[in-house]
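What follows is a short report on a single structure.
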Amino acid sequence: MSVEARLNPAQKAAVEHGDGPVLVLAGAGSGKTRVITHRIVRLVERGVPASAIVALTFTNKAAAEMRERVARMLGKKGAATARALSVSTFHSFGLGVLQRERAALGGTFTIFDQGDQTSLVKQLLRAAGADRSYDAQAVLARISNAKNAFQSAGEMPDREGDAYDEIAREIFPRYQAALRSYKAFDFDDLVCEVARLWRDKDALRARWQERFLHVLVDEYQDTNRAQLELLRLLAGERRNVCAVGDDDQAIYGWRGADVRNILDFETHFPGARVIKLEHNYRSRAPILEVANAVIAKRVDARWRKVLFTDRPGGELPSVIVAATPEVEATWVGREIRRLVGEEGKRPRDVAVLYRSNGQSRLIEEALREQGVAHKVVGGTQFFERKEVKDVLAYLKLALNPNDEISLRRIINVPARGIGEASLEKIALHAAQHGWTLWQGVERALGIDELPGPARDGCRALEEAVGHARRELLIQKVMPSVVARSLVTRIGLQDDVTTGAPSVDVGAKKWANVEGLFETLARREARDGKGADGLAAFLHTLTMDIDSDSEEGADVVTLSTLHGSKGLEFDVVFLLGCEEGYLPHQRTLDPRATDAGEGGAADIEEERRLFYVGVTRARERLVMSRARSRVLRGKAVPRTPSRFLLDVPANLVVETDVQEAAPTTRAEAAQSLDAILAMLR
C-alpha cells in the first residue's frame, strides 16, 4: 500500500518533510507513532543510511515497538535495517555515548543506582552534620531536578525560606565531586554529561554530528532542559530534528519535563516547520467536543489545535453528581457491573481514572463488592499495600490465633526483638510439643534458649492481640474501634512514618491505614459489629477476583491520570472532578507562583491532565464528582472542578445520585459467577 493511502494529508506532510527541523504537533489519538515509523522508512528509502538515523523516546517498550514496526514495513531487508538504526531511550543513548568516549572521560566508570545515590547523599549529610535534619531522598530529588534543568549548584532555585533548597545547593557540588572520585555517574548524568562533553569538546561533538544525520524524538513535550541541550548539540547546523509531541498532553512538569521546549521549538531550532495532526482516530465526536472545550481555555498555549473525527454519533458524555464519594464509588461499581454483565462489555475495555492513588480505595472496594475483576496500573492495590496488609494480619490473628501465615507476617512488626532466629526457635519448640505457633508465642517465657528481648516481645504481642480478641468476641466492639486501638497499642504509626524514605511517603502510608479504619467503619453499618462483621469483611478480601492482573488480562483498569497516558478504552470513568482533586489542592496555593509549586503554571498542567483523561475514551465518557466529603469528621461541601465548568451544558448530560442501593450478597455472587464464567 502506498504512503498516500496509509496517511492523511497532515501525516503525509510530516513524513515527506525533507531536511531541516520539523515539529509535528500530534493531538491525542492522531497517529503519531505511524508518522514516526513512516518517516524513518521514508528517510531510508531516500538513501539516508539507517546507521545515520537516531530515534529517541522515553521507554524501552516504546523503542522496541518502534524498531519492530520499522522492520515490518521494510519487508525482507527490514530486520537488518532496523538493527542498524539507533532507537532507544535518551538515557540508553547517553550511556552508549559515554561508553564510546571513555578515554575523554578518564577511563572506565560505573553507574550509581537509586540506592547508591541515596547512600552517598546520606553520607554527605552526615559529614555536614545535617543527617538528622534532612531527608536524603528529598535532597537528592532537588539535585536531580537541577540536573534535569541543566543547572549547576549556583543556578539552583533559591526559594526564600526553603531549607531543603539551601542544603541541596550545599550538597550538590560535594555529591558531584564524590561521584567523580568514585569514577561514577548517576542516572541523570547519562544525559547531562553527554551534553557537557559535546559542549566542551568541539572535535568530539563534530564526530557525533557527522555520525547521525537525522534525529527523531517521540513524546517531545516530555523532554527536560538537559535533553533539549543534548538534541541541539547533536543536530548542529543541519538541525535535522523531527520532534513529535503534543503540548496539550504535557503532564510531567513535576518530574522535570519542560513544556517550554515544545512551545519554543522555533526559537531553539530556527526555520522550523510546524505541522498539526488534528484528525483523531480514537474517540466519538461528543467526547472530542468536551476535550476541545476544556483545552481551548488554556492560557499557556501557543499551538492551538482542534481535534476532529470521522466517527460521528455516540452518546453525550455524562456528569454524575453524587451525594458523597461513597455513593460515587458505589454507583460507578454498579454501572461497571451492568456494562460487563448486561451489555457484554469486556472488562479490559473499561477504565476508572483518578488524580491521586489515594482515590482508588473506594472504587476498589466497590468493584470487589460487585465481583468485578480489576487491576491497578502503576501502583499497588489498596488492600495489597504493606501497611494495610499488616493491620489486616493483626485482625485476622485476633479472630483466629491459628492463622500462622498472619502471625509470621506481623510477629516482628513493629520490631519487638523477635528476629528470624528467635522465630525459628519458637517454631521448633512449638513443633516439639505439638503446639501451634501462637501457643509457642504464649509460652515463650518457658523457652530457655530464647533471648530476653524476644520473650518480652512475645509477651507484648500476646497482650495486644489478646486484648483485641476479647473486644471483638466478648465485648462486641466495632472492628474499626478495635483496629484503631490495636494499632495504637503496638505503636504502628511511628513504625510506618519513621521507616518511610521521606516524610511525604510516611504520611501517605499512614493515610492508607486511616483509610482502612474508614472502610471498616463504613462496612459495620451493613455487616454488623464484632467478630461476625469483621469476618464478613475479611471474606470479601479473600475473593480472588483480581488476581489475574498480568498484562493483557481481561480486567477493568484502575489508574491515575498520569498512569493512563498512552492508553485507551471504550468506556472511561473519570472520578473526583472537584476543586482540590482536579485541579489538585497543591496547585491552588495562592502564595505560590512557580511551576511545580502551585499557581497558574500548575493549574495549566492540571488542565492538560484533565484533557488526557477525557481523550482516553473511545465510545463513552463518564465524569463524576461528590457534593460533599467528610474532612476531620465534618461534611464539607465540594465545588465542581473548574474544568467541568468550562464544558458547555449542552455537551453533557448531568445526573444527580443521592444514594446507591447496596448490593445484595446474591447479586454479588451472581455477578461473580458470570464474570468467572466469561474469564473461563
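What you see is a predicted model; the values in this text were computed from it and never measured.
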Where Ala291 and Tyr611 come nearest, the two heavy atoms and their spacing
O-CD1, 3.5 Å

Determine whether Ile287 and Val614 make a side-chain contact, defined as any pair of heavy atoms from C-beta on separated by less than 4.5 Å.
yes

Is there side-chain contact between Ser356 and His584, with at least one heavy-atom pair below 4.5 Å?
yes

Measure the shortest side-chain to side-chain distance between Val572 and Arg620 over non-hydrogen atoms and say whether it is less than 4.5 angstrom.
no

Is a donor on one side and an acceptor on the other found under 3.5 Å between the side chain of Asn261 and the backbone of Thr223?
yes

Any idea which heavy atoms bring Arg298 and Leu263 closest together, and the distance?
NH2-CD2, 4.2 Å

Please give me the minimum heavy-atom distance between Met623 and Cys577, naming the atom from each residue.
CB-SG, 3.9 Å

Flag, side chain of Arg608 to backbone of Ala250, donor-acceptor distance under 3.5 Å
yes

Can Glu606 and Thr587 be said to form a side-chain hydrogen bond (donor to acceptor under 3.5 Å, both in side chains), step by step?
CA-CA 8 Å; Glu606 294 288 300; Thr587 68; 5.0 Å; no

How are the rings of Phe265 and Tyr220 set to each other: parallel, tilted or perpendicular (split at 30° and 60°)?
perpendicular

If you measure from CD1 on Ile251 to CG on Leu561, what distance do you get to the nearest 0.5 Å?
7.5 Å

Closer than 4.0 angstrom, basic N to acidic O: yes or no for Glu219 and Lys565?
yes

When you measure from the side chain of Glu604 to the backbone N and O of Val299, does any donor-acceptor pair fall under 3.5 Å?
yes

Salt bridge flag under 4.0 Å for residues Arg284 and Glu315
no

Before accepting this row, confirm whether a basic side-chain N of the pair Arg642/Asp646 lies closer than 4.0 Å to the acidic partner's carboxylate O.
no

Are Tyr354 and Tyr581 close enough that their ring centres sit under 6.0 Å apart?
no

Ignoring hydrogens and geometry, is there a side-chain-to-backbone donor-acceptor pair from Asp349 to Asp570 under 3.5 Å?
no

Does the side chain of Thr309 come under 3.5 Å of the side chain of Asn280 through a donor N or O and an acceptor N or O?
no

For the residue pair Gln221 / Asp247, report whether a side-chain donor-acceptor contact shorter than 3.5 Å exists.
no

Pair Thr519, Arg361: side-chain N/O donor-acceptor within cut-off below 3.5 Å
yes

Gln370 side, atom CD; Ile363 side, atom CD1 - distance, nearest 0.5 Å
9.0 Å

Say whether, by atom type as modelled, one donor and one acceptor occur between the side chain of Glu369 and the main chain of Ala366 under 3.5 angstrom.
no

Side chains of Val372 and Val555: does their closest heavy-atom pair fall under 4.5 Å?
no

What closest approach, in Å, do Ala138 and Tyr164 show between heavy atoms, and which atom pair accounts for it?
CB-CE2, 3.6 Å

Start with the C-alpha distance between Leu534 and Leu520, add both sets of side-chain angles, then the distance that settles side chain to side chain contact (heavy atoms under 4.5 Å, CB included), and finish with yes or no.
CA-CA 8 Å; Leu534 178 59; Leu520 289 169; 4.0 Å; yes

Residue pair Leu23 / Ile275, side-chain heavy-atom distance below 4.5 Å
no

Any donor and acceptor pair, going by atom type alone, linking the side chain of Glu328 with main-chain N or O of Ala322 inside 3.5 Å?
no

Would a distance-only check, ignoring hydrogens and angles, find a side-chain to backbone donor-acceptor pair under 3.5 Å from Ser485 to Val481?
no

Check step by step if side chain to side chain contact (heavy atoms under 4.5 Å, CB included) holds for His279 and Asp310.
CA-CA 8 Å; His279 189 159; Asp310 53 11; 3.6 Å; yes

Between Leu492 and Val391, does a side chain to side chain contact (heavy atoms under 4.5 Å, CB included) hold up when you go through it step by step?
CA-CA 9 Å; Leu492 187 64; Val391 177; 3.6 Å; yes

Are Phe382 and Leu558 packed together at the side-chain level, in the sense that at least one heavy-atom pair is separated by less than 4.5 angstrom?
no

Could you report the tightest heavy-atom contact between Gly576 and Arg629, atom names first, then the distance?
CA-NH2, 4.1 Å

Side-chain heavy atoms of Leu362 within contact of Glu326, under 4.5 Å:
yes

When you measure from the side chain of Ser30 to the backbone N and O of Gly27, does any donor-acceptor pair fall under 3.5 Å?
yes

How long is the span from the CG atom in Asp602 to the CZ atom in Arg607, to the nearest 0.5 Å?
13.5 Å

Roughly how far, to the nearest 0.5 Å, is OG of Ser624 from CD of Glu578?
8.0 Å

side-chain contact (heavy atoms from CB on, under 4.5 Å) partner of Leu25, the single match among Ile262, Leu277, Asp246, Val244:
Ile262

Working to the nearest 0.5 Å, report the span between CZ of Arg484 and CD of Gln493.
9.5 Å

Taking side chain as C-beta onward, heavy atoms only, is Pro583 less than 4.5 Å from Phe643?
yes

Less than 6.0 angstrom from the centroid, inside 45 degrees of the normal: does Arg255 satisfy that with respect to the ring of Tyr252?
yes

Look at Arg346 together with Asp554 and state whether they make a salt bridge at an N to O cut-off of under 4.0 Å.
no

Are Asp656 and Gln658 close enough that a side-chain donor and a side-chain acceptor fall under 3.5 Å?
yes

Rounded to the nearest 0.5 Å, the CD1 atom of Ile336 sits from the CZ atom of Phe573 at a distance of 4.5 Å

Where do Leu621 and Val571 land on the side chain to side chain contact (heavy atoms under 4.5 Å, CB included) test, with the steps shown first?
CA-CA 6 Å; Leu621 170 67; Val571 183; over 6 Å; no

Salt bridge check: are Glu568 and Arg618 linked by an N-O gap of less than 4.0 Å?
yes

Taking all atoms of both residues into account, what is the closest heavy-atom pair of Pro286 and Gly313, and its distance?
CD-O, 3.1 Å

Keeping Gln359 on the side-chain end and Arg355 on the backbone end, is there a donor-acceptor pair under 3.5 Å?
yes

For Glu335 and Trp331, does a side-chain donor sit closer than 3.5 Å to a side-chain acceptor?
no

Is Arg260 atom CZ crowded by more than 12 heavy atoms from other residues, nucleotides or ligands, each under 6.0 Å away?
no

Sub-3.5 Å donor-acceptor pair from the side chain of Gln227 to the main-chain atoms of Asn224, do we have one?
yes

